[in-house]
There are 2 protein chains.
Amino acid sequence: MFADQGFAGTSLRSIIGAANVNLAAVHYHFKSKEALLEAVVLRRLGPLNQQRLDLLNECERRAEKGGPTVEEILNAFVTPAVTLIHHTAEGCLFGKLLGRLHWETRPSFAILARKHFNPLFQRFQAALSKALPGVPAEQLLWRMHFAIGAMAHTLTSSDTLEVVSQGLCRSSDAVPELIDFLSAGFRASSPVQRRRKLSERRS
Amino acid sequence: MFADQGFAGTSLRSIIGAANVNLAAVHYHFKSKEALLEAVVLRRLGPLNQQRLDLLNECERRAEKGGPTVEEILNAFVTPAVTLIHHTAEGCLFGKLLGRLHWETRPSFAILARKHFNPLFQRFQAALSKALPGVPAEQLLWRMHFAIGAMAHTLTSSDTLEVVSQGLCRSSDAVPELIDFLSAGFRASSPVQRRRKLSERRS
DNA sequence: GTCTATAGGGGGATAGAC
DNA sequence: GTCTATCCCCCTATAGAC
């Protein structure tokens, strides 16, 4: 319900109705509405982030000298989350919740999100930096930012894409399509000349 | 306020407080809270979408035979929106609102968003399809989906990136970085072989 | 541990005076 | 057109019986 309607848009009363419990039980077991959300998120996000790290470690261990490819690193980051959306209905909902978490603005959420995301982010930043020695730090951060946006939007809205495309795009293709797209973006060469050209054209 | 706290998270009472008006005035002039949001959005979204179409038409007119490049098309789509975030504070807020609109789930919002987004989407889909004859329709839709996610996330959260990167990434670089990244993604070749390989690795 | 009952404060919308 | 006062509902959280 948090996934579909957002935090502010979901009342505890609608939750207890769906769960056939009473209101006091929520506060007894979880203390507050925000703490309930945190519990809902953490139950699955912990294992999911661990899975991402395991995949990354594994492909680094297996890699020839020079480390894993961009595709392998992105695969470790993206796949555990994005495969959620075409498995169980529950996984699909958690995927939406996960995507939403990236742009909830309540201070307590931002803290929650960063607490469980920053270590992961830095680990993947280091791996990508090694795999892409030609990309300056600033640019790598921008590209990770874009990748997170594309991934989060896929988590929250790929069902919309299925409808808009009239069934042409299926969620089961999301992972390979996303990795193809992102890895090409990360590898993009960006001659200063071309960037200047676009800037001038805009002004 | 809608941009920062979302629709459900923003009360009319907090709005009238900030605007120094009374509650009845809102309902007299806008009829309802949802209609107020629609008015807020439409005042700026109409001109912005027109600007995107104008830019696209202009670069198509100016292009040599073969039509405009992917970069030019993406520039027409992305720039009018993303330049919002590093101009006025008001523009920055509207950028956030615009990004948020892509993943508000209330039925009335979905209708609003698609009503003003679908025509634009189809126009750009046609242009991109022409510029990328080797990319099948299904894949192009996925890539537009990813591009929208990256753009929307940039609109809503690039201030976070400025903080996380400790000032290394500045919003004024968002447009060229985004266009570099996306255009490479759109041009990506995707040998079926590689995609199968990744799929197998996952299973 | 579990429940009912209620506190105590918003929420959006509206009636009716001016 | 504008404002005050108010309706009526829903919200989170808690007290206190069992």
Side-chain angles (χ1 to χ4, degrees), chain A residues 1-45 90 93-94 96-116 156, chain B residues 1-45 90 93-94 96-116 156:
Chain A
M1 298 173 82
F2 287 141
D4 271 335
Q5 299 154 359
F7 181 75
T10 305
S11 68
L12 284 182
R13 296 183 130 85
S14 64
I15 292 174
I16 62 164
N20 274 320
V21 297
N22 66 72
L23 189 51
V26 177
H27 287 95
Y28 179 78
H29 288 284
F30 297 98
K31 187 178 169 181
S32 74
K33 186 185 175 186
E34 288 206 345
L36 172 62
L37 174 73
E38 185 167 351
V40 168
V41 170
L42 283 196
R43 180 173 55 151
R44 299 182 175 281
L45 184 57
E90 198 187 352
L93 279 175
F94 179 64
K96 283 196 181 186
L97 183 57
L98 203 58
R100 246 182 206 282
L101 219 64
H102 283 288
W103 40 69
E104 286 274 4
T105 49
R106 294 210 166 192
S108 51
F109 293 180
I111 292 167
L112 171 68
R114 286 187 212 169
K115 185 169 132 199
H116 298 279
T156 57
Chain B
M1 298 172 82
F2 286 141
D4 271 334
Q5 299 154 1
F7 182 75
T10 306
S11 69
L12 285 181
R13 295 181 136 88
S14 65
I15 293 174
I16 63 164
N20 274 321
V21 297
N22 65 71
L23 189 52
V26 178
H27 288 95
Y28 179 80
H29 288 285
F30 297 99
K31 187 179 170 181
S32 73
K33 186 185 176 185
E34 287 207 345
L36 171 63
L37 174 73
E38 184 168 352
V40 168
V41 170
L42 284 194
R43 181 173 54 152
R44 301 184 175 278
L45 184 57
E90 197 186 350
L93 279 176
F94 179 65
K96 282 195 182 187
L97 184 56
L98 203 57
R100 246 180 205 283
L101 219 63
H102 283 289
W103 41 67
E104 285 275 4
T105 48
R106 294 212 167 193
S108 52
F109 292 0
I111 291 167
L112 171 68
R114 288 188 210 170
K115 184 168 132 197
H116 298 279
T156 57

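Naming: A, B, ... by sequence-line order, numbering from 1 per chain. The model shown is predicted, which means the values in this text are computed figures rather than measured ones.
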If you compare every side-chain N and O of [X] against the phosphate oxygens of [N] (OP1, OP2), does one of them come in below 4.0 Å?
X: B:Ser11; N: C:dG11; value: yes
X: A:His27; N: D:dA13; value: yes
X: A:Asn22; N: C:dC3; value: yes

### Message
Return the CG to CZ distance between B:Leu112 and B:Arg106, rounded to the nearest 0.5 Å.
### Response
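These two atoms lie 13.0 Å from each other.
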## Note on the structure
So CD of B:Glu38 and NZ of B:Lys115: to nearest 0.5 Å the spacing works out to 5.0 Å
In whole Å, what is the span from the [atom1] atom of [X] to the [atom2] atom of [N]?
X: B:Ile16; N: C:dG12; atom1: CD1; atom2: C1'; answer: 11 Å
X: A:Gln5; N: D:dC11; atom1: CD; atom2: C1'; answer: 15 Å
X: B:Phe7; N: C:dG11; atom1: CZ; atom2: C1'; answer: 12 Å
X: B:Leu12; N: D:dC11; atom1: CG; atom2: P; answer: 17 Å
X: B:Tyr28; N: C:dG16; atom1: OH; atom2: P; answer: 18 Å
X: B:Phe30; N: C:dT14; atom1: CZ; atom2: P; answer: 16 Å

From the set [options], return the single nucleotide nearest to any side-chain atom of [X].
X: B:Ala24; options: D:dT4, D:dA13, D:dT2; result: D:dT4
X: B:Arg13; options: C:dG12, D:dT2, D:dA13; result: C:dG12
X: A:Leu23; options: D:dT2, D:dA13, C:dG1; result: D:dA13

### Task
Would you mind classifying the nucleic acid contact of A:Thr10 as base, sugar-phosphate or nothing, using non-hydrogen atoms under 4.0 angstrom?
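Since only primed, P, OP1 and OP2 atoms lie under 4.0 Å of A:Thr10, the category is sugar-phosphate.
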### Message
Under a 3.5 Å distance rule, please check whether B:Thr105 uses its side chain to pair with a backbone N or O of A:Asp4 as donor and acceptor.
### Response
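Yes, the answer is positive, given that a donor and an acceptor are paired below the 3.5 Å cut-off.
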#### Entry: Option from A:Phe7, A:Trp103, A:Phe2 for which ring pair (Phe, Tyr, Trp, His ring centres under 6.0 Å) with A:Phe109 holds
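Per the ring pair (Phe, Tyr, Trp, His ring centres under 6.0 Å) rule, the option paired with A:Phe109 is A:Phe7, out of A:Phe7, A:Trp103, A:Phe2.
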